[in-house]
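Worksheet: the structure to be examined is printed underneath.
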Amino acid sequence: MRSIRAAAAGAVTLSLALAASACGGGSATGGGSDDSPKTLTYWASNQGASVEADKKVLKPELEKFEKETGIEVKLEVVPWSDLLNRILTATTSGQGPDVLNIGNTWSASLQATGALLPWDAKSFDAIGGKERFVDAALASTGRQGEDPAAVPLYSMAYALYYNKRMFADAGIAKPPATWDELVEAGRKLVQDGKGALGAEGSNLSENVHHAYVFARQHGVDFFTDDGRPDFTDGHAVAAVKQYVDLMAKDKVIAPGNAEYAQNQSVSDFAKGRNAMLLWQSAAANLTSQGMDPDDYGIAPVPVQSGAPGPGTQVNSLVTGINMAVFKNTDNLSGARKFVEFMTGDEEQKILNKAYSSIPPVRSAQSDPAFATPDNKVLKETLARSAVAVPQVPAESQFETAIGTAVKELFADAAAGRPVTTQSVRAALEKAQTQMPAA
């Protein structure tokens with residue numbers, strides 16, 4: 001999901017258990033109708049600096065769609081702080097929009113409600129074919145072995161952003177490629193009141209994103225092959241401890257970051273208070289805060305050793321936005337046409353340029369706008385070394401449980417309390433008890 005969503009991590013902490021047990025989708029016609037063929041309602045997620053900024057981006061494109069099809073799209077840009085609540089209410093009431101944006105990490109959880117229209121092979125063929133989409137983006141559209149619950153719209157990945165001047169002043173010639181190198185560089189950068197690496201220690205989504213990547217680098221992913229939570233495996237414990245130790249032991253994350261949850265780490269980096277930032281597709285965010293693109297560099301997120309890639313060389317989640325059709329739509333044909341329009345090459349280029357994201361549509365990525373140094377790193381990450389979060393129905397509870405465990409461990413580190421293997425294991429044991437029974 002987009003970094004701006006991170007400011008609203010509280011929304012993600014909501015349990016989907018009620019919605020998952022509700023009927024949610026379906027209609028008298030068994031999955032949508034064409035009772036209102038001339039209008040569509042569309043809930044767009046807030047991707048830009050404000051709701052109004054998104055309307056300025058989207059309205060001209062929706063007017064194009066209306067001109068082409070005769071279908072009027074009634075747009076509502078929903079802030080991230082409200083989006084999940086609104087979707088859950090719609091799944092339980094059966095009264096929702098025709099088309100909606102969802103954060104891609106919600107795909108499997110919302111799929112379990114039965115409220116979203118499945119995208120089978122025939123549906124994908126109607127929008128140009130499943131093969132148009134990057135594999136990594138498709139992996140974040142629902143549970144493996146089931147028809148996807150959504151279609152990729154905007155793709156993002158994590159990268160390491162670094163302040164060129166601060167690196168030069170500290171005598172650091174290149175960005176770190178491994179975590180040991182990051183710690184070594186960080187110790188050189190912590191001087192004169194400046195910080196090394198920013199983090200959002202109270203942001204559950206950011207916490208679980210980084211914890212999951214560390215876990216994959218340690219060879220585990222918090223779930224067994226049959227989808228049961230397994231948070232206390234020794235490698236999972238070591239992974240979480242390594243991340244929290246960036247504050248607790250290595251001192252490259254300042255204690256104050258334990259309280260960050262509203263993109264303060266991005267602001268600190270933009271203002272030169274920190275030399276490094278781990279963030280999702282941050283260019284537009286940094287520009288909006290007055291940072292000159294020439295002042296920072298971008299590199300892949302570090303790995304344990306070697307270079308980013310598959311397996312234990314994973315260094316990012318596949319983050320971004322998916323587009324779904326509400327199963328109770330009364331303009332089924334129009335909804336599918338709208339998804340086809342929004343995922344067409346022209347619109348993919350326009351929209352992803354506007355939001356500094358990467359098109360999940362392969363052919364749209366050839367546009368020169370996506371060949372900048374920033375986007376080159378992000379495209380390479382998405383193609384080679386990014387993975388989806390576990391596509392399990394309890395994914396939202398997973399985010400809450402692990403995100404909270406990491407938040408509490410950062411609080412311990414900030415307060416000077418020891419973060420030991422035993423304390424990390426205890427935090428993860430507590431988190432596992434909060435997961436629903438299989």
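Hydrogens, waters and symmetry mates play no part in the numbers below; they use all other heavy atoms, side chains included.
- Salt bridge annotation for Asp226-Arg228: present, with a cationic side-chain nitrogen under 4.0 angstrom from a carboxylate oxygen.
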**Working for ring pair (Phe, Tyr, Trp, His ring centres under 6.0 Å), residues Trp279 and Phe269** = CA-CA 11 Å; Trp279 206 255; Phe269 181 76; over 10 Å; no
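- For the atom pair Ser356 OG and Leu286 CG, the distance stands at 9.0 Å (nearest 0.5 Å).
- Looking only at atom types and distance, the side chain of Gln217 has a donor-acceptor partner in the side chain of Gln304 under 3.5 Å away.
- Across Ile102 and Ala150, no two heavy atoms sit closer than the pair CD1-CB, 4.1 Å.
- Checking Leu116, Val325, Val78, Leu83 one by one against Leu100, the side chain to side chain contact (heavy atoms under 4.5 Å, CB included) holds for a single residue, Leu116.
- No donor-acceptor contact under 3.5 angstrom links the side chains of Gln264 and Asp268, judged on distance only.
- Residues Ser50 and Glu52 bring no donor and acceptor atom of their side chains to less than 3.5 Å of each other.
- By the 4.0 Å N-to-carboxylate-O rule, Glu66 lies too far from Lys38 to be salt-bridged with it.
- Checked by atom type, the side-chain pair Thr141/Asn322 shows no donor-acceptor distance below 3.5 Å.
- Using a 4.0 Å cut-off between charged nitrogen and carboxylate oxygen, Arg362 and Asp135 count as a salt-bridge pair.
- Classification of the Tyr162-Phe167 ring pair by plane angle, with boundaries at 30° and 60°, yields tilted.
- If you check the side chains of Ser265 and Glu200, you find a donor sitting under 3.5 Å from an acceptor.
- Remark: the Asp330 side chain and the Ser33 side chain contain no N/O donor-acceptor pair separated by less than 3.5 Å.
- At a cut-off of 3.5 Å, with distance as the only test, no side-chain donor of Glu399 or Tyr212 sits close to an acceptor on the other residue.
- Checking Thr224 against Asp230 by side-chain atom types alone, no donor-acceptor pair falls below 3.5 Å.
- Residue Asn207 holds its CG atom at 10.5 Å from CD of Glu408, rounded to the nearest 0.5 Å.
- Remark: Lys271 NZ is packed, more than 12 non-hydrogen atoms of other residues, nucleotides or ligands lying under 6.0 Å away.
- Inspection of the Ser107 and Asn104 side chains reveals no N or O donor paired with an N or O acceptor under 3.5 Å.
- For the atom pair Ser202 OG and Glu259 CD, the distance stands at 6.5 Å (nearest 0.5 Å).
- Using a cut-off of 4.0 Å between Lys/Arg side-chain N and Asp/Glu carboxylate O, Asp98 and Lys74 are scored as not salt-bridged.
- A salt bridge between Glu346 and Lys64 is present, with a side-chain N of the basic residue lying under 4.0 Å from a carboxylate O of the acidic one.
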